[in-house]
Amino acid sequence: MFRPTSARVAIAVFGAAACMATLAAQQSVPPPLVTAQDLLSGLPSDGSRWLMFGGGYTNQRHSPLTQITPENVNRLVPQWVFQTDTAGRFETTPLLRDNVLYVTGPLNVAWAIDARTGRQIWQYKRELPPTGSLTACCGLVNRGFGVLGDRLFMTTLDAHLLSLNMKTGAVVWDTTLEDYSKGYASTIAPLVVKDKVIVGVAGGEYGIRGFIDAYDAKTGDRAWRFYTIPGPGEPGNDTWTGDSWQRGGAGVWVTGAYDPELNLLYYGIGNPGPDYHSESRTGDNLYSDSLVALDADTGRPRWHYQFTPHDLHDWDATEVPILADLTIAGQPRKVVMFANRNGFFYTLDRTNGKLIVGKPYVVTTWAKEIGTDGRPVILPGYVPDEKGSLTCPDPTGATNFWPASYDPAQHLFFVNAREVCATFYAWKQEYVPGERYTGGAGQRTNSPDNRAWGALRAIDPTTGERKWEFPYISPSTSGVLTTASGLAFTGDAEGNFLAIDSHTGKLLWHFQMGSALHGTSPITYMLDGRQQILVPSGTTLTAWGLSDIARVPSTR
Amino acid sequence: MRWIYFVLIVVVVAAANLIAQDVYLKIPADPPTKNPLEGDADAITAGMGAYRVRCADCHGMDARGIRGPDITQVWARGRTDAALFRSIRNGVPNTEMPAHPAPRTSDLDIWRILAYVKTISPATGTAPGSGNAASGEHVFATTCIACHRIGDRGGNLGPDLSRIGAARARAAMARQIRGTMGSFKTGYEPVTLTTPNGQEIRGVKKNEDLFSVQVMDTRERIQGYLREDMRSVSDEKKSAMPVFGPDTLSDAELDDLLSYLESLQGTTAAPSGAR
């Protein structure tokens with residue numbers, strides 16, 4: 001639909017004149033695009049923004065929007081498709097502010113994109129060291145921006161933290177987290193809390209010593225560092241033998257949650273290294289495979305809960321912690337919910353880290369149950385050796401970093417779960433800086449009588465019971481987005497984008513995207529009066545909406 | 001117009017130069033012809049770990065082959081250290097054998113792995129099956145060719161076997177033929193579709209998702225079907241390849257057949273010898 005050229009010119013001229021008039025009138029600095037207050041208020045009911053990884057600090061990934069419903073979802077049509085032109089696939093959660101999308105992609109390329117048309121506004125591309133020298137274990141990916149004021153924050157594969165100008169994509173500051181050649185990398189979406197940017201480092205397979213850092217959003221100066229493995233003299237250092245703590249891994253690569261009232265950050269910590277070899281690091285190996293609660297101002301630990309003490313199966317606790325206020329046994333409880341890679345679903349008291357619920361949500365063969373003391377009751381065959389031992393779940397785990405979602409109206413937790421077992425092997429391995437340090441491997445089982453499969457499961461966090469499941473033919477690695485209208489949006493491993501009734505688990509609508517939604521979920525927002533569902537899959541972003549609802553262009 | 005040709009020539013020459021330079025830069029210094037770490041105790045220990053992490057999934061903990069071939073036999077078959085080094089570094093194109101590029105995998109890493117594999121390899125090859133390859137070829141031409149291609153001949157329901165001798169261990173091939181494999185090759189899972197009027201479509205599954213399935217049927221028709229258009233889509237428990245038990249294929253015939261299969265190394269693009 002082209003307007004006559006003359007009209008377009010007229011509009012352009014008029015637009016420029018109007019703009020100059022306002023410029024002249026204002027002269028003052030425009031208000032920042034994103035305030036700390038905006039971040040605190042989470043996903044607004046007008047759908048005008050999506051400003052952080054999990055939607056809001058609770059990480060619920062649950063939108064209050066209701067224009068798209070179980071009744072009309074089958075009328076969704078694509079609005080546009082954006083293609084990256086870069087190798088590698090999206091694992092990102094895009095952000096939206098003022099009708100512009102801010103998106104990170106593979107290989108540390110990032111874009112500002114017009115949400116109305118899918119057209120690029122700017123592109124940022126980092127000069128990275130030769131890809132062969134980068135150590136990110138599982139893909140040269142990135143999980144999204146953080147934002148505050150007029151600045152975006154992005155971590156890099158060579159373990160830096162960048163601040164970009166939201167309007168131009170220009171680098172404002174560039175801080176080194178650690179030396180990437182020693183096995184450090186960063187893929188996590190930063191969490192912005194007050195005036196600080198919180199990030200972590202990956203490298204659990206490379207003998208790093210993990211940490212969570214906070215940086216001053218204005219200057220990029222480091223405010224605090226929390227080592228995920230305590231040093232000598234600190235409580236917990238004695239849970240590692242000898243000097244194994246120095247290269248014990250415990251990376252941090254999935255964005256945590258934040259409770260502003262308690263002023264606590266909640267982060268899941270990665271696996272101990274070497275992943276599979278027990279004798280290299282006897283002891284509980286704190287804070288590997290734990291959830292830690294840190295004071296947001298100082299980074300000091302308030303409490304920790306270790307899901308898998310002395311892990312030997314690569315079960316990073318790198319899933320997304322979700323906060324909610326529940327009534328359990330008649331008592332109001334502030335909780336943090338966690339579907340763990342080790343096969344158990346946990347509901348913890350987030351004020352003190354005490355276990356409320358700990359129940360398997362997939363087949364688990366390594367622990368009988370979680371005892372009342374909060375520790376797993378280990379079954380025989382837990383320690384892998386050179387001969388190999390069959391254990392469920394497999395190294396990828398019952399779920400993983402792909403975000404779950406929580407619907408506070410239904411009190412239901414939605415997670416893409418995997419039913420996969422593996423034979424685990426372990427052997428002694430010498431440590432060489434910057435090289436893979438796993439001391440073993442897991443060989444996945446997928447035979448006719450031990451088939452690998454998966455399902456979207458709805459779990460009641462007050463009991464750990466399953467309300468419903470939607471089975472897939474193979475395990476999905478997609479995140480979940482839910483909406484207040486009773487929809488769950490997710491994807492399967494075969495590339496289908498799915499809309500499911502979140503009350504019943506019934507499939508309502510699907511579309512073959514050509515590539516799976518991997519490690520992330522769609523986001524949703526309002527644009528000119530129409531609710532949009534934005535789907536990152538493979539190398540594309542696709543915006544969906546209901547075409548039979550009239551556009552009401554915002555004329556601000 | 002002549003200046004255009006001039007410009008073109010300049011561009012072409014410049015491009016040729018660039019390409020030449022590129023090629024020059026990419027050719028690595030020839031690896032030593034002999035493994036410099038052979039017999040080195042530390043290298044062997046390190047190589048064992050690296051082997052188990054990166055190679056055992058396909059070649060087996062004992063290197064006798066699972067999805068990949070038995071690689072304890074490569075020296076006995078006359079492969080040199082240098083040639084093996086290159087296979088590991090560059091992979092084997094168009095097969096599942098992946099490349100292991102620098103700097104993630106250093107030269108020393110490769111030598112360490114080879115030093116380890118050498119320690120678990122017999123000095124002389126396991127006696128090459130006593131079978132007679134020529135007789136085996138005859139069995140193949142009567143029993144197997146309808147489903148398998150070798151070079152430019154044969155059917156398509158089963159995998160191309162033109163280089164199966166390089167790709168699979170003898171024992172794995174024997175399991176496949178005797179019907180004791182226990183799992184299906186991806187893209188060849190047996191499936192039966194039943195149409196609403198009760199007609200059956202049997203074949204192997206090329207792809208599937210929650211809503212559809214793509215198959216090659218026993219008459220080699222490739223086609224996609226919506227599950228909702230079918231009365232049923234069922235995965236079969238038995239391979240689309242028939243079981244050749246001792247009653248239909250004696251141990252001696254199997255031996256011949258395996259020797260023939262082992263000789264299929266895919267060296268000639270379109271072997272005509274079978275004609």
Side-chain angles (χ1 to χ4, degrees), chain A residues 129-137 181 205-206 274-277 386-388 422-423 425-432 434-451 470-474 476 491-498 500 507 509-514 516, chain B residues 25 41-62 66-67 89 99-106 108-109 112 116 120 180-186 189-191 205-214 224 226-228 233-239:
Chain A
T131 49
S133 65
L134 297 170
T135 53
C137 78
S181 71
E205 275 65 47
Y206 292 90
D275 304 33
Y276 308 100
H277 192 248
E386 294 199 7
K387 287 186 220 72
T423 306
Y425 298 96
W427 53 79
K428 196 171 169 51
Q429 189 186 345
E430 73 195 285
Y431 166 72
V432 181
E435 285 197 21
R436 264 182 98 82
Y437 182 55
T438 57
Q443 200 167 348
R444 214 157 278 154
T445 339
N446 188 12
S447 58
D449 28 294
N450 199 342
R451 200 170 62 87
F470 176 79
Y472 304 116
I473 58 178
S474 68
S476 165
D492 68 16
E494 287 71 38
N496 289 296
F497 168 39
L498 307 169
I500 289 171
L507 178 71
W509 175 81
H510 59 92
F511 185 84
Q512 174 58 250
M513 299 294 303
Chain B
L25 287 175
D42 285 347
I44 290 167
T45 319
M48 177 176 77
Y51 173 82
R52 289 175 172 178
V53 176
R54 300 190 194 176
C55 326
D57 263 9
C58 293
H59 292 289
M61 288 292 270
D62 57 2
I66 306 176
R67 282 198 288 151
R89 170 67 83 214
H100 296 85
R104 265 293 292 282
T105 305
S106 66
L108 287 183
D109 288 338
R112 285 185 190 121
Y116 166 68
I120 55 172
T180 58
M181 200 60 182
S183 64
F184 305 122
K185 192 177 163 84
T186 309
E189 300 93 341
V191 66
K205 206 154 47 180
K206 294 297 160 186
N207 209 351
E208 69 175 329
D209 71 0
L210 277 170
F211 312 105
S212 69
V213 54
Q214 291 72 32
L226 294 189
R227 289 180 195 270
E228 65 183 34
V233 176
S234 25
D235 292 334
E236 299 297 334
K237 293 268 174 300
K238 285 198 345 227
S239 170

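We name chains A, B, ... by the order of the sequence lines, and we start the count at 1 in each one.
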Distance (rounded to the nearest 0.5 Å) between B/Met48 CE and A/Trp427 CH2:
8.0 Å
Side chain to side chain donor-acceptor pair (under 3.5 Å) against A/Ser474, all qualifying residues, sequence neighbours excluded
A/Glu494
When only pairs under 4.5 Å are counted, which of B/Asp235, B/Leu210, B/Thr45 shares the most heavy-atom pairs with chain A?
B/Leu210
Side chain, backbone, both or neither: which part of A/Tyr437 has a non-hydrogen atom closer than 4.5 Å to chain B?
neither
Nearest heavy-atom neighbours spanning B/Asp209 and A/Asn496:
OD2-ND2, 2.9 Å
Could you tell me which residues satisfy ring pair (Phe, Tyr, Trp, His ring centres under 6.0 Å) with A/His510, sequence neighbours excluded, listed by chain and number?
B/Phe211
B/Glu189 versus chain A, heavy atoms under 4.5 Å apart: side chain, backbone, both or neither?
neither
